[in-house]
K.L.:
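First the structure, which I've put down as structure tokens, then a few questions once you've had a look.
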2 protein chains.
Amino acid sequence: MKNTQNDATDLSAQIASKIRDSIVEGRLIVNERLPSEAELSEQFSVSRSTVREALKRLAAQSLIRTQRGAFGGAFVNKLSYQDAYSQNITTSTLLLSMNDINIDVACEARFALERSCVPLACARRSEEQLSVMRRELHRQTSPDLSDEEWCASDVAFHRSFVDCAQNPVLSYQLTGAVEAMLPLMNMITFTARSRAKIISHHAALITSLETQDIPLAERTLGELAEYSMQLAAKVLADRDKK
Amino acid sequence: MKNTQNDATDLSAQIASKIRDSIVEGRLIVNERLPSEAELSEQFSVSRSTVREALKRLAAQSLIRTQRGAFGGAFVNKLSYQDAYSQNITTSTLLLSMNDINIDVACEARFALERSCVPLACARRSEEQLSVMRRELHRQTSPDLSDEEWCASDVAFHRSFVDCAQNPVLSYQLTGAVEAMLPLMNMITFTARSRAKIISHHAALITSLETQDIPLAERTLGELAEYSMQLAAKVLADRDKK
DNA sequence: TGTTTTTCATTTGTCAGACAATTAAAAGTC
DNA sequence: GACTTTTAATTGTCTGACAAATGAAAAACA
């Protein structure tokens with residue numbers, strides 16, 4: 001389980017890797033202070049700049065934070081849900097945008113994942129999440145919403161749906177899937193008619209949560225997935241025609 | 001959608017953030033070469049070391065790769081599934097280990113997520129994945145397997161199950177959930193009896209795939225989740241007693 | 001002419017040393 | 001005791017230098 005990224009040739013990457021292993025494997029614990037840059041450069045027999053580059057790598061992964069001044073230094077960072085969320089989203093978004101993923105594959109994955117929280121969501125949904133979903137649904141009925149705003153509202157709606165399961169680990173894992181779809185969805189221009197259809201599905205989803213109707217929720221998500229793919233296919237076909 | 005991490009005070013973080021935005025928003029495309037460090041330091045009016053620290057931050061997120069020599073430089077990296085996998089796993093693992101997640105919550109999330117690929121897995125499972133699962137199942141019957149080896153085999157089994165859905169995006173999203181459980185599971189000592197019980201569930205899972213029996217697969221996953229939680233609860237109770 | 005070797009310019013990797021900015025503890029002052 | 005000043009430690013940034021790698025161009029060679 002060691003040296004997760006050891007094919008790197010630069011010293012700074014090697015040092016970062018060693019320190020990272022120390023953190024992941026628990027030899028350095030949360031909020032523990034690392035040796036100062038000067039001490040580290042002695043320990044590893046490299047210059048301070050090389051140590052600094054290694055530390056910046058770790059900072060980029062939110063593994064450490066640094067503080068200036070006496071009694072400052074680099075500290076092992078407690079990875080917050082927020083940090084983990086944004087890293088997950090960045091990675092997922094780039095993975096989808098750089099690997100020309102088939103949109104059907106992405107949609108299939110997304111709705112399969114959302115389906116996974118249907119039973120929990122129906123059982124535990126709280127008024128808090130339901131009101132967010134109702135608010136977003138209402139926003140979506142506004143005809144002067146731009147495509148970008150529409151998609152953002154769509155994402156907020158589905159994130160709230162996921163949150164209904166009241167399981168933060170589940171929410172974390174699904175955030176990437178839901179958010180990363182945003183750029184893909186933004187490519188699709190929604191006509192008034194297609195918006196109305198999606199809105200009716202969203203309304204059904206809220207109803208299914210209110211009445212704790214698991215089969216209805218699953219069916220609705222399936223229809224939503226199918227309709228999303230249809231829309232995407234149509235947009236792609238129109239584009240190819242031109 | 002700009003300046004995703006703008007509360008940073010250091011120049012290197014600011015510069016990294018700007019370049020990152022350029023990549024995420026598509027102004028810099030895959031394999032495009034960034035200006036040289038010297039040029040960047042002119043552009044941003046900072047020293048070369050500061051630019052280098054910024055670039056190392058991006059390299060840590062696999063957003064760029066660098067190459068020495070004439071016509072070398074920093075290039076926008078195409079994020080591979082492999083890179084995305086390992087980043088996801090690192091983040092998920094740390095998130096779970098640093099936030100003293102309730103093991104029930106983690107188990108619940110994991111099996112809910114796995115359940116999401118049951119229909120696709122039953123429909124598309126190929127001989128390739130089934131043989132991996134049979135091999136790991138056979139490994140698990142060996143009594144001289146250490147707890148670590150047992151858990152690793154367990155992870156391999158479930159990863160292969162996820163791969164049955166033949167959807168790379170789904171596999172990517174679920175990798176974090178399955179792999180991050182490994183350290184948590186490693187805390188549990190498996191008696192011969194509990195191993196046998198898990199093995200029987202695994203066998204049932206293989207059968208459900210072979211016969212494309214969706215309800216059986218879902219039921220088996222549910223039982224597996226419940227049993228995992230029971231084991232964990234027992235371990236925790238025993239530890240508290242001491 | 002075609003091929004191989006050498007040279008060379010460019011770029012990243014590493015180092016050393018300096019100073020600025022920040023910060024909390026310690027010392028001094030009233 | 002409360003407040004101010006000093007001080008030492010530490011990160012942030014800059015400058016300049018050299019090593020190492022590398023592909024292109026030039027030179028040498030057959």
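Just so it is clear, the model here is predicted, and its values are computed rather than measured.
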K.L.:
Nearest-Å distance, CG (B:L40) to P (D:dC14)?
P.N.:
14 Å
K.L.:
Would you say A:R139 and A:E136 make side-chain contact, with heavy atoms under 4.5 Å?
P.N.:
yes
K.L.:
How long is the straight-line distance from CG of A:L137 back to CZ of A:F157, given to the nearest 0.5 Å?
P.N.:
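Result: 6.0 Å between the selected atoms.
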K.L.:
Checking B:S160 against B:D163: is there a side-chain donor and acceptor pair closer than 3.5 Å?
P.N.:
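No pair is found: no donor N or O on one side chain lies under 3.5 Å from an acceptor on the other.
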K.L.:
Using 30° and 60° as the class limits, which term best fits the ring planes of B:Y81 and B:Y172: parallel, tilted or perpendicular?
P.N.:
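Correct class here is perpendicular.
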K.L.:
Where along nucleotides 11-20 of chain C does protein come under 4.0 Å, by heavy atom, of base (B) or sugar-phosphate alone (S), with - for untouched nucleotides?
P.N.:
BBBBB--B--
K.L.:
Angle between ring planes, B:H158 versus B:F111, binned at 30° and 60°: parallel, tilted or perpendicular?
P.N.:
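The arrangement is perpendicular - the two ring planes meet at more than 60°.
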K.L.:
One thing to verify: whether B:E53 and B:R57 come together as a salt bridge, which I'm taking to mean a side-chain N less than 4.0 angstrom from a carboxylate O.
P.N.:
no
K.L.:
What's the spacing between A:Q87 CD and A:S92 OG if we round to 0.5 Å?
P.N.:
11.0 Å
K.L.:
A:A165 and A:L170: which non-hydrogen atoms are nearest, and at how many Å?
P.N.:
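For A:A165 versus A:L170, the nearest heavy atoms are CB-CD2, 3.9 Å.
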K.L.:
Roughly what angle, to 10°, lies between the helix axis at the start of the helix from C:dT1-D:dA30 to C:dC30-D:dG1 and the one at its end, five pairs per end?
P.N.:
10°
